[in-house]
Engineer: 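The structure that follows is given in the form of structure tokens.
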Number of protein chains: 2
Amino acid sequence: MTDLHTSDTLDALSFAIFRVHGALIAMGDRIGAPYGLTSARWQVMGTVQLAGQPQTVAQIARAMGLSRQAVQRVMNDLEVIGMIEMQDNPAHKRARLVVNSPAGLRAYEQIMAEWARLSRSLMEALPAEKLEDSSATLDALTRALLALGPPPD
Amino acid sequence: MTDLHTSDTLDALSFAIFRVHGALIAMGDRIGAPYGLTSARWQVMGTVQLAGQPQTVAQIARAMGLSRQAVQRVMNDLEVIGMIEMQDNPAHKRARLVVNSPAGLRAYEQIMAEWARLSRSLMEALPAEKLEDSSATLDALTRALLALGPPPD
DNA sequence: CGCACATTGACAACATGATGTCAAATATTG
DNA sequence: CAATATTTGACATCATGTTGTCAATGTGCG
């Protein structure tokens, strides 16, 4: 009857992406809550940690694929609650460098430990191969979407 | 050295989900823009349309996996710009029924036509089978996440 | 029937992200 | 070296989503 080779599959995948995105954010908020952190906040801290050295806000934003301003605001909040610290940048008077504070690092590590526990639970039900295939497919879709409509800035 | 069977794959998939979610939203905003609509707005309209009959805001929210309040606000905006209309609900004095207005339906259909065009482009580069597999995997992940931490409300 | 319970719309406060603008700092180029 | 372009932080505005609360409306059960 209807043409099963057109957009139905992509519609379904889009729906699935929206739903799983929401579920991931909710889970991230839950495991960060005991430390006063949210998904957005500890993801930023994770990007700082992953870099291995102090980063500027703009560098972190690029690594996360977010706007500079969005990361800047989260970072300001994190500094207020003492989770990160700003260091002077010898190479740039305005662009200070972000590092996780000792307290921030402790919180982040506990969150990562909890996330690792949850990951193991989740992966008991989901074959690693399927997750890897999905990653590859979603990345390909992302590239195709960006190719059709490049983001500004 | 490190255990490659733990959370790395899920970490990578999570990143991929965040990125593709952002790219989908951006694309949806682009194709809705000529009609004064955004991703969120025409997705709500699409959910109304898909239902096949007038829906309450709460029904639409449940179908989309969003909070009642988020959908309500978007719906109010859509009513202001004449894209949807509210009908009295004989079964409930407060919970009026939403339908797409003639103008709203025209806009939605044009957006869907454009989305179908884009879908076909995208699917030329992405095998339908991989998209279907991803949908299934993401849905399984969503269910597993919800099982670990049921959403409130 | 009548009362506890769930659903619903309305409103408020907040978190997150995008976008736009400006001035300062830095990089590039002629 | 000097003019121009880019990068960056700061600030504002807006769209979207969450959570919480309240009163109005329905539902179901004794």
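Keep in mind it's a predicted model, so treat the numbers as computed, not measured. Order of the sequence lines sets the chain letters (A, B, ...), proteins ahead of strands, with each chain counted from 1.
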Engineer: Using 30° and 60° as the class limits, which term best fits the ring planes of His21(B) and Phe18(A): parallel, tilted or perpendicular?
Structural biologist: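 Perpendicular, since the angle between the ring planes exceeds 60°.
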Engineer: Tell me which nucleotide among dT8(C), dA15(C), dG9(D) gets nearest to the side chain of Arg68(B).
Structural biologist: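 Nearest to the side chain of Arg68(B) among the choices is dT8(C).
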Engineer: Of Ala58(B) and Ile25(A), whose nearest nucleotide on DNA chain C comes first from the 5' end?
Structural biologist: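 The residue whose closest nucleotide sits nearer the 5' end is Ala58(B).
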Engineer: State whether the number of non-hydrogen atoms from other residues, nucleotides or ligands found under 6.0 Å of Gln87(B) atom CD is greater than 12.
Structural biologist: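 Counting neighbours around CD of Gln87(B), more than 12 heavy atoms of other residues, nucleotides or ligands fall under 6.0 Å, so yes.
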Engineer: Please work out which residues in residues 70-83 of chain A have a non-hydrogen atom less than 4.0 Å from an atom of DNA chain C and list them by number.
Structural biologist: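 Contacting residues: Ala70(A), Arg73(A).
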Engineer: Between dA15(C) atom P and Leu37(A) atom CG, what is the distance in whole Å?
Structural biologist: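 Rounded to whole Å, this separation is 13 Å.
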Engineer: Without decimals, in angstroms, what is the distance between Asp29(A) CG and dC14(C) C1'?
Structural biologist: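 After rounding, the gap between these two atoms is 12 Å.
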Engineer: Without decimals, in angstroms, what is the distance between Phe18(A) CZ and dG17(D) C1'?
Structural biologist: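 Computing the Phe18(A):CZ to dG17(D):C1' distance gives 13 Å.
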Engineer: Between Asp29(B) and Thr38(B), is there a donor-acceptor pair closer than 3.5 Å when you use the side chain of the first and the backbone of the second?
Structural biologist: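 Side chain of Asp29(B) to backbone of Thr38(B): no pair is present.
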Engineer: In plain terms, say whether Glu114(A) and Arg117(A) are close enough for a salt bridge, that is, a side-chain N and a carboxylate O under 4.0 Å apart.
Structural biologist: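 Result for this pair is yes, salt bridge flagged.
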Engineer: From NE2 of His21(A) over to P of dT18(D), roughly how many Å is that when rounded to an integer?
Structural biologist: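 Nearest whole value for this atom pair: 11 Å.
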Engineer: Is the phosphate of dA15(D), meaning OP1 or OP2, less than 4.0 Å from a side-chain N or O of Thr38(B)?
Structural biologist: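 Negative; the distance criterion is not met.
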Engineer: Side chain of Gln69(A) only, please: which of dT16(D), dT21(D), dA10(D) is the nearest?
Structural biologist: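 It is dA10(D).
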Engineer: Please check: side-chain N/O of Thr47(A) versus main-chain N/O of Ile60(A), any donor-acceptor pairing under 3.5 Å?
Structural biologist: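 Checking the backbone N and O of Ile60(A) against the side chain of Thr47(A), no donor-acceptor pair under 3.5 Å is found.
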Engineer: Could you give the CG-to-P distance, from Leu66(A) to dG17(C), as a whole number of Å?
Structural biologist: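 After rounding, the gap between these two atoms is 6 Å.
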Engineer: Give a yes or no on whether a salt bridge exists between Asp139(B) and Arg19(A), defined as a side-chain N under 4.0 angstrom from a carboxylate O.
Structural biologist: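 Yes, charged N to carboxylate O under 4.0 Å.
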Engineer: For Leu24(A) and dT16(C), what is the distance between atoms CG and P respectively, to the nearest whole Å?
Structural biologist: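 Interatomic distance, CG of Leu24(A) to P of dT16(C): 16 Å.
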Engineer: Apply the side chain to side chain contact (heavy atoms under 4.5 Å, CB included) test between Leu97(A) and each candidate in Val48(A), Val57(A), Asn89(A); give the one that qualifies.
Structural biologist: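 So the option named by the test is Asn89(A).
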Engineer: For residues Ile111(A) and Gly32(A), report the shortest heavy-atom separation together with the two atoms involved.
Structural biologist: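 Scanning both residues, the minimum pair turns out to be CD1-CA, 3.9 Å.
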Engineer: Within residues 86-98 of chain B, which residues have any heavy atom lying less than 4.0 Å from an atom of DNA chain C?
Structural biologist: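 Within residues 86-98 of chain B, the residues near DNA chain C are Arg94(B), Ala95(B).
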